[in-house]
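We number each residue from 1, following the sequence as shown.
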Amino acid sequence: MIEVKVEGMHCGGCAASLQRALSALPGAGKVSVEFARGTAQVEGEVSREAIIDAIEEQGFTAV
């Protein structure tokens with residue numbers, strides 16, 4: 001599992017949108033985005049770099 005801190009989420013809708021984007025990544029398995037904690041967790045055969053790219057494409061900052 002890869003966990004990334006995410007900055008810039010302002011609501012649950014932001015988290016849901018990011019979760020959909022991360023779930024669409026090739027090789028992604030279970031995806032969990034927690035607005036309150038500001039984190040995204042991805043299980044599966046996906047690289048940290050691909051996760052960070054997807055987060056930034058959605059307009060958020062990966063820390």
Which residues pass the side-chain contact (heavy atoms from CB on, under 4.5 Å) test with A50, not counting sequence neighbours?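 side-chain contact (heavy atoms from CB on, under 4.5 Å) list for A50, sorted by chain: V46, S47.
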Step-by-step side-chain contact (heavy atoms from CB on, under 4.5 Å) determination, I51 to L25: CA-CA 8 Å; I51 294 167; L25 288 173; 4.2 Å; yes
Electrostatic pair R37:E3 at N-O distance under 4.0 angstrom: yes
Taking all non-hydrogen atoms of both residues into account, name the closest pair between L22 and V33 and its distance.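 Minimum heavy-atom separation between L22 and V33: CD1-CG2, 4.0 Å.
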Considering non-hydrogen atoms only, spot the tightest contact between F35 and C11 and give its length.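 Distance-wise, the nearest heavy atoms are CE1-N, 3.2 Å.
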side-chain contact (heavy atoms from CB on, under 4.5 Å) between M9 and F60: does it pass, once the steps are laid out? CA-CA 7 Å; M9 291 190 290; F60 307 111; 3.8 Å; yes
Got a second to check how far Q41's CD is from K30's NZ, nearest 0.5 Å? 7.5 Å
Using the side-chain contact (heavy atoms from CB on, under 4.5 Å) rule, take L18 and I55 through it: C-alpha gap first, then chi angles, then the decisive distance, then the call. CA-CA 7 Å; L18 181 56; I55 290 169; 3.9 Å; yes
Using the rule given for side-chain contact (heavy atoms from CB on, under 4.5 Å), can you reason through V4 versus T39, listing the C-alpha separation, both sets of side-chain angles and the distance that settles it, and then say yes or no? CA-CA 6 Å; V4 179; T39 60; over 6 Å; no
Going by side-chain hydrogen bond (donor to acceptor under 3.5 Å, both in side chains), name the pairs with one or both residues in residues 10-23, residues two or more places apart or in two chains. S17-Q58
Residues two or more places apart in sequence or in another chain: which of them pass side chain to side chain donor-acceptor pair (under 3.5 Å) with E56? none
